[in-house]
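Here is the naming used below: chain letters follow the sequence lines, and residue numbers restart at 1 for every chain. Worth knowing before you read on, the calculation uses all heavy atoms, side chains too, and leaves out hydrogens, waters and symmetry mates.
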Amino acid sequence: MPVQNAEIAEMFDHTAELLEIKGDNPFRSRAYRNAARVIERLPKSITGLLKAGEDLSELPGIGKDLAGKIAAIVTTHKFDVLERLKRELPGDLGEIAALPGLGPKRVKLLYDSLGVRTLDDLRRVIQSGRLRDLKGFGLKSEQKLVAALAKPPAERRFKLVEAEAEAEALLAYLRKTKGLAEAVVAGSFRRRRDTVGDLDVLAIARNGAAVGNRLVRYENVAHVVAHGPTRTTIILRSGLQVDLRVVPKASYGAALMYFTGSKAHNIALRGLANDHGWKLNEYGLFDDRRRIAGATENEIYRKLGLAMVPPEMREDRGEVALAATGDLPKLITLGDIRGDLHVHSRWSDGTASIEEMAIAAKARGYAYIAITDHSKHVTIAHGLDSAHLARQLDEIDRVNERLSGFTVLKGAEVDILADGKLDLPDKVLVRLDLIVAAVHYKFDLSRKAQTERIIRAITNPYVSVIAHPTGRLINERVPYEVDMEEIIAAAAEHGCCLELNGDPDRLDLDDIHAHAAKLNGVRLAISSDAHAIGGLGNMRFGVDQARRGWLEAGEVINTRPIAELRMLLKRRH
DNA sequence: GCCGTTTTCGGCCCGACTGTTTTCAGTCG
């Protein structure tokens, strides 16, 4: 089993953590963390890159030294630096450092003076009263730790759609604050990440304390973590953390940028400001003490010699360099979408008729949809057999006769059987405009078998799109084991599209894989997978993730007019 | 440990809040 990128990233993160606790050069541990981020989001496997003879030190944040260390890890499956650190600092210090209020310095102090190596050690020194006598610790620290040890915070990120519901209610409440000019959610929410760790709320008001005071009185607050004049942190009953920051109007752009992040993007911009001899913080861009920009994001980017970077791209994945040369991609927007290619009806497990779905799609400004009900293998969803599907095609003809300026395409979401064959015979498939193929069972095949299974479907000339290619359900089901690099390569070779499923529980492909598909010339279909009229609205989540993958309209097939789309689909069979 | 139009050394983003202290270090984002 070759070493996965995520394993190398994990080793580097762990190394960084132990280096911090040890008190090593902080920039060295930052280098490990940076490298971990670079490796983790790499669209290709490190093992594959090495096999192809690529020079890893070409990657940003990875120099000669780390390149050598990575090569050694791939060979030995071990990282000697980390092994040494673990021997030097035994126990589970990472677990201790994860507790609120405990960082590397205090973990080291606990380790050196009280011999705390595990959570149980920590419990013991609290019980014996030795903790509160330690310099820098007191009653408050002790109480905080007792609470945290009793009920470890659920380390979970919220689906974007869940965060949206919380955000809307909270903003509506905060906007009633007297003297508040603006309140928005920044952070990963604004960058439209598929999951959100906390809500970063930015407000403009003369009297910052008034907004914070209102926030702590919000009915859904479970716990106030911190509460100052310009910054307040609370935990909602749902467990979602909210960080509120209030700034004056002149700083709005700078604060929005700062609070939108990502942290890595901010650090890159601050470095650029430094190059000019300026300073960038959440209050503005400063030449000495004079603010030279700050009211809008646009003006700050411009001063730094950059084009405005869309929030979805602010991940320090090369966007700063592109913004400097004016080569940012023109990201796809919801308005570019002309149709939806994965839609269910009452014929299988949907709740609306074909005509109702078509009319709702037309009302959204679309020119077409494809009805893609399940095939027979998915019995739980009342999948269609050949005869049933044939009757559905007649029904689609009738609906098309009644509609003007709109087309219902004949499709099916056909099951990919365990051996990679399709669940419906070719003589039926040939009558369809498009086939979306998907895995719905036997998620536990080996990586090799699962990859071969899907590639077999890709090579089938009738298959236009592979639906939700990794099968993940966010926070519920991990992706099945599959070699996405090989799948993308096969899709590129056979001209098969991959789906970016906009169902907020799926968002599959994710941003990284969508970007990898783009780099390999694979076209995507962004689809809602709607099972009801309201589900057509999932499209916007799909577009969000496509933007995070740097996709442009031309790389997404359902931005094409119907005639062009038909040409693209026909080319395969 | 990385990086370079300040290039092989000497930098590396910046500020708010807390707790424990009595002027600030540590943590956090």
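- Ion pairing of A/E166 with A/R237 is absent here, as no side-chain N (NZ or NE/NH1/NH2) approaches a carboxylate O to less than 4.0 Å.
- One finds a side-chain N or O of A/Y283 lying less than 4.0 angstrom from the OP1 or OP2 phosphate oxygen of B/dA16.
- In this entry the distance linking CZ of A/R30 with C1' of B/dC2 reads 11 Å, nearest Å.
- A salt bridge is absent between A/E315 and A/R193; no separation between the charged side-chain nitrogens and carboxylate oxygens falls under 4.0 Å.
- With a cut-off of 3.5 Å on both Watson-Crick or G-U wobble distances, the partner of B/dT8 is given as none.
- Among the protein residues, A/N274 comes within range of the sugar-phosphate backbone only, with heavy atoms under 4.0 Å from sugar or phosphate atoms but none that close to a base.
- Checking the phosphate oxygens (OP1, OP2) of B/dC17, no side-chain nitrogen or oxygen of A/T233 falls inside 4.0 Å.
- When heavy atoms are screened at a 4.0 angstrom cut-off, A/P26 is found touching no nucleic acid atom at all.
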**OP:** Go through the steps for A/R472 and A/T470 under the test side chain to side chain donor-acceptor pair (under 3.5 Å), then give the verdict.
**Re:** CA-CA 6 Å; A/R472 76 161 175 177; A/T470 78; 5.1 Å; no

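- A salt bridge is absent between A/K159 and A/D194: the closest approach of a Lys/Arg side-chain nitrogen to an acidic carboxylate oxygen does not fall below 4.0 angstrom.
- Among the atoms of the strands shown, base atoms are found under 4.0 Å from some heavy atom of A/R28.
- Contacts of A/K135 with the nucleic acid, taken as non-hydrogen atoms under 4.0 Å apart, are absent.
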